Amino acid sequence: VAKTSLTSPPWPEVKLPDPVEEAKYHAEVVQKVNQLIAEGHYGRLFAVVHFASKQWKVTSEDLIMMDNALEAECGDRIRMEKVLLVGADDFTLIGRPILGKDLVRVEATVIEKTESWPKINMRFWRRHNYQRKKIIVTPQTVLRINSIEIFPCLS
Amino acid sequence: RYVRQLQRLQLLFSPTSADSRGARQFVEEAAVDFARQHPDVVLYVSPRSGRAPVLLAEYLNGTVREELINSKTSEEIVQLATKLAGQSGLDIIRIRKPFHTDNPSIQGQWHPLTNKPSALTVQGPRLQPK
């Protein structure tokens, strides 16, 4: 059959590697990463955490502000679950969709519970003598991430 | 490792006027509980006549906030005091970003040349020898 421009798809054909070799390669990589974690050959760790219906990229010692009021008091330590991703300089651990709780530990402290600046909510229709003004003040919480730790229990 | 940002809470009220009835009730009932619950805040109570009742809050960075407690019940004053105790002395203005990091990138910040093959190994029609 003659080869036309539509015989093969326009994207380059990708050959998948052998599944047995693939499994061996995976095991090797997992073992290397486990070794790195166990020896502690990583610098700063960053994590992607799902918190207060938002996803934050978080490192240690950084500040995060929520537009709600948590039930914890000021100065309480909080452990964050729902960690989606953890990474360091050489490797990243991607969760599907979250990582196990025995693998990562993200700790944070509640620093401040204030209110936001007074937001103005105004409705005005012209030529109808209609205007309503409302000042909205929402409670806010400021958290500081203390530390992110990982434990070598991959598989 | 948590330091409360509130230094002092000064409660000024007058023993006679009707506005500071809530303040007087607060002082009689709830002031001791509040002081016990927040051991690192100093609470000064000073009755002065001829002044409107006011709750002065001083923070560690020097900002002073005054809150009027004219004709407020003692529960409302307790709530106000706990709210002030949880705040820090920063101005309440619009903050542009809800996060703050000192080290934003760990694996190196992305620039358009990451994940691209370098210019030396690109196979182009000119680089092949004829």
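Here is how names work: the chains are called A, B, and so on, in the same order as the sequence lines, proteins then strands, and each is numbered from 1. This is a predicted model, so every value here is computed, not measured.
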task: Could you state whether Tyr59(B) and Leu56(B) fall into the same hydrophobic cluster, counting links through intermediate Ile, Leu, Val, Met, Phe, Trp or Tyr residues with side-chain heavy atoms under 4.5 angstrom apart?
output: no
message: If hydrophobic clusters are built by linking Ile, Leu, Val, Met, Phe, Trp and Tyr wherever their side-chain heavy atoms come under 4.5 Å apart, do Val104(A) and Leu36(A) end up in the same one?
response: yes
- prompt: Is it the side chain or the backbone of Glu115(A) that comes within 4.5 Å of chain B heavy atoms, both, or neither?
  reply: both
task: Measure Ser116(A) against the heavy atoms of chain B and call it side chain, backbone, both or neither at under 4.5 Å.
output: backbone
message: Which one wins on heavy-atom pair count under 4.5 Å against chain B: Lys113(A), Lys54(A), Gln140(A), Lys119(A)?
response: Lys113(A)
- prompt: Should Leu103(A) and Val30(A) be counted in the same cluster of Ile, Leu, Val, Met, Phe, Trp and Tyr side chains packed under 4.5 Å apart?
  reply: yes
task: Nearest 0.5 Å please: distance from the OG1 atom of Thr82(B) over to the CD atom of Glu73(A).
output: 8.5 Å
- prompt: So which of Ile64(A), Thr114(A), Val142(A) has the largest heavy-atom pair count under 4.5 angstrom toward chain B?
  reply: Thr114(A)
message: Same cluster or not: Phe91(A) versus Leu99(A), using hydrophobic residues (I, L, V, M, F, W, Y) connected whenever any side-chain heavy atoms lie under 4.5 Å apart?
response: yes
message: Starting from Val64(B), can I reach Val54(B) by hopping between I/L/V/M/F/W/Y residues whose side chains sit under 4.5 Å apart?
response: yes
Heavy-atom proximity to chain B below 4.5 Å, by part of Leu143(A): neither
- request: Return yes when atom CD of Gln109(B) has more than 12 non-hydrogen atoms of other residues, nucleotides or ligands closer than 6.0 Å, and no otherwise.
  value: no
- request: Mind listing the closest non-hydrogen atom pair of Gly86(B) and Cys74(A) along with its distance?
  value: CA-SG, 3.7 Å
Ile95(B) versus chain A, the contacting section by heavy-atom distance below 4.5 Å: side chain
